[in-house]
Visitor: 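If you scroll down you'll find the structure; I have some questions about it.
Chain naming here is simple, since letters A, B, ... match the order of the sequence lines and numbering starts at 1 in each. The structure displayed is predicted, hence computed values, not measured ones. Heavy-atom basis, side chains included; hydrogens, waters and symmetry copies ignored.
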Amino acid sequence: MLEIKNLSVTVNDENGRADILKDINLTVEDRKFIVITGPNGGGKTTLARAIMGLAPVTGGSILWNGTELADKTVTERAKLGVSYGFQQPPRFKGMKVADLLSIAAGRKLNHDETCSYLTKVGLCARDYLDRDVDASLSGGEVKRIEIATILARKCPLMIFDEPEAGIDLWSFARLTETFSEIHAKKEATILIISHQERIIRLADEIILVADGHVKDRGPAEKIYPQILADTVSGCNRLEVNGTC
Amino acid sequence: MLNDVQKHILEVVAAMKNGETDGAVNIRIDGKKAHRVNSEHIRIESKTDKDGIDIHIAPFTKHESVHIPVVLTESGFHDKVYNDFYIGEGAEVNIVAGCGIHNCGCDDSQHDGVHTFYVGKNAKVTYSETHYGEGEGGGKRILNPETILYLEEGASVTLDTTQIKGVDDTKRYTKAVLGKDAEIVITEKLLTHDNQYAESEMDVFLNGEGSKTRVISRSVAQDNSVQVFYPRVEGNAPCFGHVSCDAIIMGEAKVKAIPAISCNHVDAGLIHEAAIGKIAGDQLLKLMTLGLTAEEAEEKILEGFLR
Ligand SMILES: Nc1ncnc2c1ncn2[C@@H]1O[C@H](COP(=O)(O)OP(=O)(O)OP(=O)(O)O)[C@@H](O)[C@H]1O
Ligand SMILES: [Mg+2]
């Protein structure tokens with residue numbers, strides 16, 4: 001079980017202090033499929049990064065199966081079974097796709113195993129095994145390889161940050177199948193940050209994060225119509241002459 | 001008979017198990033010829049006017065290789081050799097050179113190898129050179145290689161140089177002169193540490209119409225080491241050239257890249273890219289999220305970078 005209590009993240013940069021997450025409280029039961037959604041800049045990525053140890057937590061606690069993560073390093077959290085697929089994955093000069101997947105798996109994967117992970121994200125393994133994970137890969141390719149690393153890790157907690165971003169329709173269909181499959185087999189707790197209706201509809205529950213807070217949570221049937229209603233009536237995107 | 005130190009160095013610099021390999025071979029140890037084998041179309045002869053060898057590769061030779069490693073184990077030994085390769089028309093050969101210094105003493109050991117290649121029409125050559133130093137002594141291990149290549153029409157050369165460890169001081173010079181439709185790909189990999197110094201200077205002359213080059217330099221400078229690169233490409237005909245220098249710096253190391261591309265013909269297209277910086281933080285973090293420690297992550301990133 002993942003229990004987040006009174007979590008806050010504050011950053012200090014040249015623009016001064018900013019409270020990015022404010023008093024987040026959240027519990028996720030084991031093997032649930034949860035989608036976190038909300039407006040751009042609302043704090044979704046920061047929440048995921050805080051769980052992984054990549055964001056500066058300034059208060060509160062993150063309990064994973066009863067173990068406090070807040071004072072653990074990234075590596076320790078990874079070893080405790082937390083995994084996170086980056087919204088913008090880094091690229092590595094000279095590192096082969098197959099090598100990265102082996103690092104993720106924690107052992108040397110054989111050819112068939114590597115291929116199966118690539119197939120699950122809609123990549124034709126033959127074309128990618130020997131490619132470097134560098135700037136020569138397209139955005140969608142890097143993103144899918146990133147997702148494959150999380151599949152290869154097989155952690156009990158999988159967090160994906162906008163897995164749909166930049167991914168074509170065919171691969172997206174394959175990807176949603178993969179998520180459903182992991183969920184059906186009860187292999188892991190899945191947290192997906194997403195703006196995609198198709199993924200939202202798969203989830204057991206939706207968590208709406210906006211303005212650094214958990215605004216709402218509930219089943220898709222309840223939350224999704226609310227989000228749509230907000231978009232129509234609200235004015236959070238249209239700006240005229242600098243005022244809303 | 002080779003001893004274990006010599007066998008180890010031969011394995012590192014020339015991938016020779018027990019000092020043995022197929023094809024033509026010339027092993028030089030502490031300034032003396034230790035072993036020589038000719039192959040069907042490849043003849044190796046000692047020079048008579050100075051130290052070194054002439055390697056004659058007959059036209060249209062295929063599937064034969066040449067290994068010419070050099071080993072220095074005597075502390076304080078200074079070695080200078082001239083190796084000339086005459087590669088006949090249409091030949092396809094793989095040439096492996098390399099120099100390893102094992103210096104346990106307190107005097108400097110030095111090897112200066114001058115390799116000159118006359119690459120005939122349409123010949124295809126891959127040439128790899130590995131430099132390596134070891135030994136506990138306080139004496140420096142110094143390597144100053146010079147590689148000069150003349151490519152005739154349609155010739156193509158793949159030149160790979162690697163200096164991975166233990167060489168205290170190196171000044172490398174590479175020069176390539178390309179004729180019509182000739183092509184050369186130069187890949188240089190370098191890792192320096194402690195107080196080492198490495199300098200690499202390079203001149204590529206694209207003189208023939210349709211000639212092409214790619215120069216790729218990947219280097220890692222650790223601790224207090226210093227590296228300086230001077231890659232220069234000159235386009236004197238309709239030609240194409242691409243130079244990329246990528247370096248990772250760590251600790252107190254310093255890297256300087258001073259590239260020069262000169263186009264002397266309106267249809268010469270030359271490109272240059274250079275990037276020097278520390279390992280990107282998000283690369284380290286990504287590998288740590290996969291369960292590696294910071295040190296393991298660093299190692300993996302460098303390993304890939306220099307592969
Ligand atoms: N290191 C930082 N320094 C300053 N501001 C930051 C930092 N990290 C995040 N922010 C700000 O915090 C807010 C939340 O960012 P976050 O990336 O978590 O949003 P998000 O919900 O994932 O958005 P999106 O849907 O666009 O991915 C944004 O306004 C962002 O600009
Ligand atoms: Mg985000």
Visitor: If we only count heavy atoms from C-beta on, is the A/Ile4 to A/Ile51 side-chain gap below 4.5 Å?
Guide: yes
Visitor: Would you say A/Ile167 and A/Leu175 make side-chain contact, with heavy atoms under 4.5 Å?
Guide: yes
Visitor: Is it the backbone or the side chain of A/Leu54 that comes under 4.5 Å from a heavy atom of chain B, or both, or neither?
Guide: side chain
Visitor: Return each pair, listed once, that meets ring-ring contact (aromatic ring centres under 6.0 Å, His included) where at least one residue sits in residues 30-54 of chain A; pairs must be two or more places apart or across chains.
Guide: A/Phe33-A/His183
Visitor: Looking at every heavy atom in both A/Ala55 and A/Ala50, which two are closest together, and how far apart are they?
Guide: CB-N, 3.7 Å
Visitor: Write out all pairs satisfying ring-ring contact (aromatic ring centres under 6.0 Å, His included) with one or both partners inside residues 288-307 of chain B, taking only residues at least two apart or from two chains.
Guide: none
Visitor: Between chain B and chain A, which donor-acceptor atom pairs come closer than 3.5 Å, counting both backbone and side-chain atoms?
Guide:
from, atom 1, to, atom 2, distance (Å)
A/Thr75, OG1, B/Leu292, O, 2.8
A/Arg91, O, B/Gln283, NE2, 2.7
A/Lys93, NZ, B/Asp246, OD1, 2.9
A/Lys93, NZ, B/Asp246, OD2, 3.0
A/Gly94, O, B/Arg307, NH2, 2.3
A/Asp99, OD2, B/Arg307, NH1, 3.2
A/Asp99, OD2, B/Arg307, NH2, 3.4
A/Glu146, OE1, B/Lys286, NZ, 3.2
A/Glu146, OE2, B/Lys286, NZ, 2.8
A/Thr149, OG1, B/Lys286, NZ, 3.2
A/Arg153, NH1, B/Thr289, O, 3.1

Visitor: Less than 4.5 Å to any heavy atom of chain B: does that hold for the side chain of A/Met95, its backbone, both, or neither?
Guide: both
Visitor: Looking at side-chain heavy atoms only, is the closest gap between B/Leu302 and B/Ile279 below 4.5 Å?
Guide: yes
Visitor: What residues, two or more places apart in sequence or in another chain, satisfy ring-ring contact (aromatic ring centres under 6.0 Å, His included) together with B/Phe229?
Guide: none
